[in-house]
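These notes are about the structure you will find just below.
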Amino acid sequence: MTPGAWTSWPSREALSRVGVTGARRSLNWTVRLIGLGALLWSTFAQIGGDTWELAAAVAGVGVCVAAASAFYRATLEHRLWPSVALLVVLLGAAMVAHQSGFSGPATVLWCGCAVTALGRLPLAAALPCTAAALAAYALLSEDQWLTTALTTAGLALVGYVLRLDAEARGSAQRLLVQERAARVAEAESAALAERSRIAREIHDVLAHSLSAQMVHLEAARLLIESDAERDRILERVVAARGMAREGLVETRQALSALRGEMTPVEEFLEEVAGRSRLAVAGDRRPLPAEASQTVRRVAQEAMTNVRKHAPGAEVRLRLEYLPDEITLEVRDSGPRKPVDELAVSGSGYGLVGMRERAELLGGTLEAGPHEEGFLVRLRVPA
């Protein structure tokens, strides 16, 4: 037993009725009523017709009941000295009762104080109080010494068992409260993660689609102001319309992904790749939603960057399934046509967001020049 166990109180959960079943609560009240009945019967059974003696007995019983009730409240609030003082009052009442010839009530009080002190006080205070109550009972009892010894040992054992039982119940109650709090925190964390995921999906789609539309529409506005040819203006408007259509498709795909209705990632990459070459290696398997979405978004962003920065380039995509992760490589051969500077500017959205998304999953994203072109390599656990 640790040194702190001698001075520590039984927990409030152990001392209170929180978590007590209906059957246990009924048993507790039954024991208390039996004790109170024994106290009343042993007190008033010895009283004759003396009015003053009856009044003194009623007053004594009232004092004992009030002191016992106050003792329970004081121990529940972990107030040591008031609890000990009230216990001393009860022991004193037992001694007065014995000296007045009421040995029955005195025995009830001594036994009750011994058991209750051991069950509700810190051990450092409970043991002296219990010892004093049992010693008074043993010394002043008129029973045989063997009966007195067995009764004393039994009362001490009962008090300690009740203490252990209450502590076990209190520990179970604390664990239950902690588990409920953990479940609430887990639910809140899951809800926050889901909201973050939805926000990330919406941001990815809108930032990718709307920024490109704004670029083409801005280009169309500048062409109109400069009285450019109708075909050039129409080309920009058609491009903006195409980006709007692609954004609508991506939004539907994102909503389907949030509902768990995603097409296999290989089929999606074939659509994104178009005429580009796609190679798939390893044993194909279903991917977690977050990993699948990250692969899709990186592929989209990489292909968009190729169209912006390397028009006419040859693009190769490679998806590889490894035992603990999945990798995606998108590499191009460099621009084969002049770069439209206006189409390149104004996006504000790129692989930085994809890198952050990969890192949230414990993965990595590398992007940089490779040979004559550019390479994007994604690794995410899957």
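None of these values were measured; they are calculated from a predicted model. This chain uses plain numbering: 1 for the first residue, then up along the sequence.
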Could you tell me whether [X] atom [atom1] has more than 12 heavy atoms of other residues or ligands within 6.0 Å of it?
X    : atom1 : answer
E359 : CD    : yes
E325 : CD    : yes
E186 : CD    : no
R221 : CZ    : yes

**Request:** Kindly indicate, with the supporting measurements, whether the criterion side chain to side chain contact (heavy atoms under 4.5 Å, CB included) is fulfilled by R316 and E329.
**Result:** CA-CA 8 Å; R316 289 178 294 172; E329 291 185 358; over 6 Å; no
Quick check against the 3.5 Å criterion: does [X] have a side-chain atom that pairs as donor or acceptor with the backbone of [Y]?
X    : Y    : value
S292 : L287 : no
R355 : L365 : yes
T75  : Y72  : yes

Just how far is it from atom [atom1] of [X] to atom [atom2] of [Y], taken to the nearest 0.5 Å?
X    : Y    : atom1 : atom2 : answer
Y137 : T151 : OH    : OG1   : 4.0 Å
M303 : E301 : CE    : CD    : 11.5 Å
E271 : L278 : CD    : CG    : 11.5 Å
D231 : E235 : CG    : CD    : 9.0 Å
L319 : I326 : CG    : CD1   : 4.0 Å
T327 : Y321 : OG1   : OH    : 10.5 Å

Heavy atoms, side chains only, cut-off 4.5 Å: are [X] and [Y] in contact?
X    : Y    : answer
Q173 : V177 : yes
D324 : P381 : no
R230 : I233 : no

Within one Ile-Leu-Val-Met-Phe-Trp-Tyr cluster: [X] and [Y], side-chain cutoff 4.5 Å:
X    : Y    : result
V108 : L162 : no
L134 : L90  : no
L121 : V89  : no
L127 : L164 : yes
V158 : L150 : no

**Message:** Taking E218 first and then R236, would you say they form a salt bridge - that is, a charged N and a carboxylate O separated by under 4.0 Å?
**Reply:**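 The answer is no: the pair does not qualify as a salt bridge.
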**Item:** Salt bridge R163-E167, side-chain N to carboxylate O under 4.0 Å
**Value:**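 No, R163 and E167 are not salt-bridged.
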Distance-minimising heavy-atom pair for [X] and [Y]:
X    : Y    : result
A156 : L118 : O-CD2, 3.2 Å
C129 : L91  : O-CD1, 4.5 Å
H78  : S11  : NE2-C, 4.2 Å
A117 : L87  : CB-CD2, 3.5 Å
D332 : A310 : OD1-CB, 4.0 Å
R120 : L76  : NH2-N, 4.0 Å

**Message:** Restricting to side chain to side chain contact (heavy atoms under 4.5 Å, CB included), what partner residues turn up for A70, sequence neighbours left out?
**Reply:**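 Testing A70 for side chain to side chain contact (heavy atoms under 4.5 Å, CB included), a comparison that skips the adjacent residues, returns R73, L86.
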**Prompt:** What do the steps show when you test T116 against F71 for side chain to side chain contact (heavy atoms under 4.5 Å, CB included), and what is the final call?
**Reply:** CA-CA 10 Å; T116 306; F71 173 79; 3.2 Å; yes
**Request:** Quick one: do E314 and R277 satisfy salt bridge (charged side-chain N to carboxylate O under 4.0 Å, His left out)? Show the steps, please.
**Result:** CA-CA 9 Å; E314 179 183 350; R277 290 185 292 176; 2.8 Å; yes
**Message:** When you compare the side chains of T294 and R297, does any donor N or O come within less than 3.5 Å of an acceptor on the partner?
**Reply:** no
**Message:** Ring-plane angle category for H98 and W110, please: parallel below 30°, perpendicular beyond 60°, tilted otherwise.
**Reply:** tilted
